[in-house]
Participant: 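Handing you this structure, nothing more for now.
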Amino acid sequence: MRTVELLVDEVAERAVREAWRRLADAGLPSQARHRSPTNAPHLTLAVCPELTAPIRWELAEVAAALPLPVRCTGLVRFERPTSVLAWALDPDSALAGLHRRVWEAVASDSPPEALNPFHEPGRWAPHITLGRTRRAGAFADRRIPGLLPAPPPSVRLTTLRSYDTRTGALEVLDPRP
């Protein structure tokens, strides 16, 4: 599978990595434990089986809209099917529009059953993951918010990239010249 993700600016990246560190130091699930050089704070927009030429063409247009400023709205927890702790992002019209364009690009040339329904417009909840685990309720402790730094009030989404889950390869998706 191939992800379609947005990387965050340097200031936001430092804040996210600090949150990762604090969770790890407290013995909680944290993205800091993922030692892969590909592990970076990001916003996942969609996942598809492959980046075909038609998908790539559309994604190059999306990349031309970057950087995109977004507002961070605070801490959020998900239980679907893994436990996730994240900083939520405001799906304002610019971010929602960018996401819709990515979804339409991957949906246009992918089998529908291969797409993650949680990434579908209307169901997608934009967030930057701080920690995740298969252990249900792992982030229910009321002390967790006090462990973390305040989320940055705003984040600039700077780079469109894709991660190949089969090969481990990363690819920056550049704007069309």
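Keep in mind that the numbers below use all heavy atoms, side chains included, and drop hydrogens, waters and symmetry copies. Keep in mind it's a predicted model, so treat the numbers as computed, not measured.
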Participant: Does Arg132 CZ have over 12 foreign heavy atoms under 6.0 Å away?
Facilitator: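 Result for CZ/Arg132: open.
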Participant: Between the side chains of Arg156 and Asp9, is the shortest nitrogen-to-carboxylate-oxygen separation below 4.0 Å, so that they form an ion pair?
Facilitator: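 Not counted as a salt bridge, because no side-chain N and carboxylate O are separated by less than 4.0 Å.
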Participant: Quick one: does Leu28's side chain get under 4.5 Å of Leu147's, heavy atoms only?
Facilitator: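 Yes; the side chains approach each other to less than 4.5 Å.
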Participant: Mark yes or no for whether Thr3, through its side chain, and Val47, through its backbone, hold a donor-acceptor pair below 3.5 Å.
Facilitator: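 No.
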Participant: Taking the side chain as every heavy atom from C-beta outward, state whether Trp20 and Asn39 have any atom pair closer than 4.5 Å.
Facilitator: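 Yes, at least one pair of side-chain atoms sits under 4.5 Å.
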Participant: So, Asp109 side chain and Pro54 main chain: donor-acceptor pair closer than 3.5 Å or not?
Facilitator: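 Between the backbone of Pro54 and the side chain of Asp109 there is no qualifying donor-acceptor contact (under 3.5 Å).
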Participant: Report the distance from atom CG of Leu89 to atom NE2 of His99, rounding to the nearest 0.5 Å.
Facilitator: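 That separation rounds to 12.5 Å.
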Participant: With under 30° as parallel and over 60° as perpendicular, where do the rings of His127 and Phe78 fit, or are they tilted in between?
Facilitator: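 Tilted.
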Participant: Are Glu18 and Arg14 ion-paired here, with the side-chain N under 4.0 Å from a carboxylate O?
Facilitator: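 Salt bridge absent between Glu18 and Arg14.
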Participant: Is there a side-chain contact between Leu68 and Leu6 in this structure, where contact means two heavy atoms from C-beta onward sitting under 4.5 Å apart?
Facilitator: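 Side chain of Leu68 against side chain of Leu6, heavy atoms only: no contact under 4.5 Å found.
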Participant: Run the side-chain contact (heavy atoms from CB on, under 4.5 Å) test on Asp90 and Val70 for me, step by step, so that the C-alpha distance in whole Å, both residues' side-chain angles and the decisive distance to 0.1 Å come before the verdict.
Facilitator: CA-CA 6 Å; Asp90 180 19; Val70 295; 5.9 Å; no
Participant: Considering the options Pro152, Pro151, Pro41, which one meets the side chain to side chain contact (heavy atoms under 4.5 Å, CB included) requirement together with Val16?
Facilitator: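 Output: one option passes, namely Pro41.
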Participant: If you measure from the Lys or Arg side-chain nitrogens to the Asp or Glu carboxylate oxygens, is any gap between Glu104 and Arg101 under 4.0 Å?
Facilitator: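 Result for this pair is no, no salt bridge flagged.
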Participant: Within this structure, what is the CD-CZ distance for the pair Glu120 and Arg100, rounded to the nearest 0.5 Å?
Facilitator: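 The CZ atom of Arg100 is 9.0 Å from CD of Glu120, to the nearest 0.5 Å.
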Participant: Has the side chain of Arg161 got a donor or acceptor atom that lies under 3.5 Å from a matching backbone atom of Glu5?
Facilitator: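 Between the backbone of Glu5 and the side chain of Arg161 there is no qualifying donor-acceptor contact (under 3.5 Å).
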Participant: Can you get from Leu51 to Trp103 by hopping between Ile, Leu, Val, Met, Phe, Trp and Tyr side chains that sit under 4.5 Å apart?
Facilitator: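 Same cluster: Leu51 reaches Trp103 through Ile, Leu, Val, Met, Phe, Trp or Tyr contacts under 4.5 Å.
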Participant: Judged by atom type as modelled, is there a donor-acceptor pair below 3.5 Å linking the side chain of Thr165 to the main-chain atoms of Met1?
Facilitator: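 Looks like yes, one N/O pair under 3.5 Å.
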Participant: Sub-3.5 Å donor-acceptor pair from the side chain of His119 to the main-chain atoms of Trp124, do we have one?
Facilitator: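 No; zero donor-acceptor contacts below 3.5 Å.
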Participant: Hey, which of Asp174, Leu173, Leu98, Leu7 is the one that makes side chain to side chain contact (heavy atoms under 4.5 Å, CB included) with Leu160?
Facilitator: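 That would be Leu173.
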Participant: In the single-linkage hydrophobic clustering (I, L, V, M, F, W, Y; side-chain heavy atoms under 4.5 Å), do Leu43 and Val8 co-cluster?
Facilitator: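 Leu43 clusters together with Val8.
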